[in-house]
Amino acid sequence: MAINFKLILGIIGNIISMCLFASPMPTFWDIIQKRDVQRYSAIPYVCTLLNCMLWVVYGLPDVSLQVLVVTINLSGCLIELIYISIYLVYAPKKTQTKALKLLGAMMVSFILVVVIVLEVVHDKHQRKLIIGVFCAMFSVGMYASPLTVMGMVIRTHSVEFMPFLLSLFNFMNGFVWFGYAFVGHIDIFIMIPNGLGALSGMAQLLLFFIYRNAPPVVAQQLELNEAGTPPETLPPSIHIISTDCD
C-alpha cells in the first residue's frame with residue numbers, strides 16, 4: 001500500500017509540475033507576438049534548466065535510480081530549452097549576449113560538478129548525498145524567489161504581479177512532494193525544499209486573499225515609486241521542481 005500511495009503521489013506531482021512548467025507560456029506567446037523580449041529576464045528560465053538537469057542526474061541509476069524524477073525533469077529541460085531559444089531569437093544583441101554568457105557559465109558549472117561526482121566519488125550513497133545537497137539548495141533558492149514579489153504585494157497592497165493560479169500550483173506542488181517524501185523511505189532532499197515551497201505557496205495565497213480586492217497598481221506608477229520594474233518570479237523547475245520518485 002505504501003508503494004502504491006507513493007506512486008499515486010508521484011503521478012499527481014508530475015501532473016502539477018507539468019502545469020508549472022507550462023505557466024510561462026503566455027509570456028513567450030507575448031514575446032512572439034511582439035517580436036521583442038521587452039523587459040522579461042532570461043535568468044528564471046536558465047536557472048530552471050539547471051535545476052531540472054541536476055534533478056535528472058539525481059534520478060540516474062548511478063545516483064539513486066528514480067525513474068519519475070528523470071522523466072519529469074527531462075520534460076522540464078526540453079520545455080526550458082524551448083523558452084530560452086525563443087528568448088534568444090527575439091532578444092536584442094546586448095541582452096542576447098548576456099543570456100548566452102549566463103547559460104554558458106551554468107552549463108560549465110553543471111558539467112564540472114557532474115563529472116567530478118561521477119568520476120571521483122564511487123560510492124552510490126555518497127553520490128546521492130552530494131547531488132541531493134546541490135538539488136535541495138538550488139530548489140530552496142528557487143522557492144525563495146517569490147519573496148521579492150510578496151514584498152511588493154505588501155508594499156503596494158496589490159496582487160497585480162502575483163498570479164493566483166501560479167501561487168496555487170506552487171502550493172500544491174510543494175504540498176504533494178512534501179507528503180511524498182514521507183512515504184516509504186524519507187527523502188530529506190525532497191522534504192526540505194518542497195516543505196518550504198508549500199509554506200511559500202501558502203503565504204502567497206494568504207496575501208492574495210488579503211489584498212485580492214485592492215485596486216491594481218499601474219506598472220508605470222510602480223516604476224516611478226520603485227525605480228525599476230516588477231521582478232519576474234522563477235518558474236518552478238522541478239523545484240520542480242524538485243520532484244522525486246522511486
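Residues: numbered from 1 along the sequence shown.
Counting only heavy atoms from C-beta outward, the side chains of Gln66 and Asp187 approach each other to under 4.5 Å. Within the 4.5 Å cutoff, no side-chain heavy atoms of Pro24 are placed close to those of Thr48. The closest side-chain heavy-atom distance from Met53 to Met107 is below 4.5 Å. Side-chain contact check for Leu103 versus Leu49: some heavy-atom pair is nearer than 4.5 Å. Considering only heavy atoms from C-beta on, Ser85 stays 4.5 Å or farther from Ile82 through its side chain. Asn170 has its side chain out of reach of Ser200: every pair of non-hydrogen atoms, C-beta onward, lies at least 4.5 Å apart. Two residues are said to be in side-chain contact when any heavy atoms from C-beta on lie closer than 4.5 Å; Met137 and Pro193 fail this criterion. No side-chain heavy atom of Met191 sits less than 4.5 Å from a side-chain heavy atom of Trp177.
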After noting the C-alpha distance and the side-chain angles of Ile15 and Met18, does the key distance pass the side chain to side chain contact (heavy atoms under 4.5 Å, CB included) rule? CA-CA 5 Å; Ile15 294 171; Met18 285 302 298; 5.9 Å; no

Walk me through whether Tyr180 and Lys6 qualify under side chain to side chain contact (heavy atoms under 4.5 Å, CB included). CA-CA 6 Å; Tyr180 168 92; Lys6 192 178 188 73; 3.2 Å; yes

Assess whether side chain to side chain contact (heavy atoms under 4.5 Å, CB included) is satisfied between Leu7 and Leu68, documenting all intermediate values. CA-CA 9 Å; Leu7 178 62; Leu68 290 181; 4.1 Å; yes

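Annotation for Phe175: atom CZ does not count as buried by contact number, only 12 or fewer foreign heavy atoms lying within 6.0 Å. Residue Lys124 qualifies as enclosed at atom NZ: its count of foreign heavy atoms under 6.0 Å is above 12.
Between the SG atom of Cys52 and the CG atom of Leu81 there is a distance of 9.5 Å, given to the nearest 0.5 Å. With rounding to the nearest 0.5 Å, the separation of CZ in Phe169 from CG in Leu166 is 9.0 Å. Put simply, NZ on Lys98 and CD1 on Ile43 are 9.5 Å apart, with the number rounded to the nearest 0.5 Å. Between the CG atom in Asn14 and the OG1 atom in Thr71 there is a gap of 5.5 Å [rounded to 0.5 Å]. A distance of 10.0 Å separates CD1 in Ile131 from OH in Tyr58, rounded to the nearest 0.5 Å. Note that CD1 of Ile32 and OG1 of Thr27 are 11.0 Å apart. Values are rounded to the nearest 0.5 Å.
Ion pairing of Asp123 with Arg127 is absent here, as no side-chain N (NZ or NE/NH1/NH2) approaches a carboxylate O to less than 4.0 Å.
Taking the six-membered ring for Trp and the full ring otherwise, the centers of Tyr90 and Tyr40 sit at least 6.0 Å from each other.
Between the side chain of Thr156 and the backbone N or O of Met152, at least one donor-acceptor pair lies under 3.5 Å. Under the 3.5 Å distance criterion, the side-chain polar atoms of Asp30 are left unmatched by any main-chain donor or acceptor of Pro26. Using a distance-only test at 3.5 Å, with no hydrogens or angles considered, a donor-acceptor pair links the side chain of Ser23 to the main chain of Leu20. Lys128 places no side-chain N or O within donor-acceptor distance of the main-chain N or O of Ser64, the cut-off being under 3.5 Å.
Closest approach of Leu9 to Val176, counting heavy atoms only: O-CG1, 3.4 Å. Minimum heavy-atom separation, Val46 to Met106: CG1-SD, 3.4 Å. Smallest separation of non-hydrogen atoms from Cys47 and Phe138: O-CE2, 3.2 Å. Nearest approach of Gln96 to Leu88, heavy atoms of both residues: NE2-O, 2.6 Å. Taking every heavy atom of both residues into account, Phe189 and Trp55 meet most closely at O-CH2, 3.6 Å. For the pair Ser41 and Pro44, the tightest heavy-atom approach, listed with the atom from each and the gap, is O-CD, 3.3 Å.
Using cut-offs of 30° and 60° for the angle between ring planes, the Phe28 and Tyr45 rings count as perpendicular. Using cut-offs of 30° and 60° on the angle between ring planes, the pair Phe164 and Phe209 is perpendicular.
Applying side-chain contact (heavy atoms from CB on, under 4.5 Å) to Phe21 and the options Ile72, Leu78, Ile16 leaves one that passes, Ile72. Results of the side-chain contact (heavy atoms from CB on, under 4.5 Å) test with Leu207 over His157, Met150, Met202 single out Met150 as the only residue that passes.
Both Val153 and Leu165 sit in one connected hydrophobic cluster of ILVMFWY residues. Membership requires side-chain heavy atoms under 4.5 Å apart, directly or through other members. At a threshold of 4.5 Å between side-chain heavy atoms, the hydrophobic network of Ile, Leu, Val, Met, Phe, Trp and Tyr places Leu102 and Leu112 in two separate groups. Both Val63 and Ile111 belong to a single network of hydrophobic side chains, linked directly or stepwise wherever heavy atoms of I, L, V, M, F, W or Y lie under 4.5 Å apart. At a threshold of 4.5 Å between side-chain heavy atoms, the hydrophobic network of Ile, Leu, Val, Met, Phe, Trp and Tyr places Ile154 and Leu199 in two separate groups. Hydrophobic clustering (side-chain heavy atoms under 4.5 Å, transitive across Ile, Leu, Val, Met, Phe, Trp, Tyr) groups Leu118 together with Val115.
Side-chain contact annotation: Ser17 with Asn173, donor-acceptor N/O pair under 3.5 Å present.
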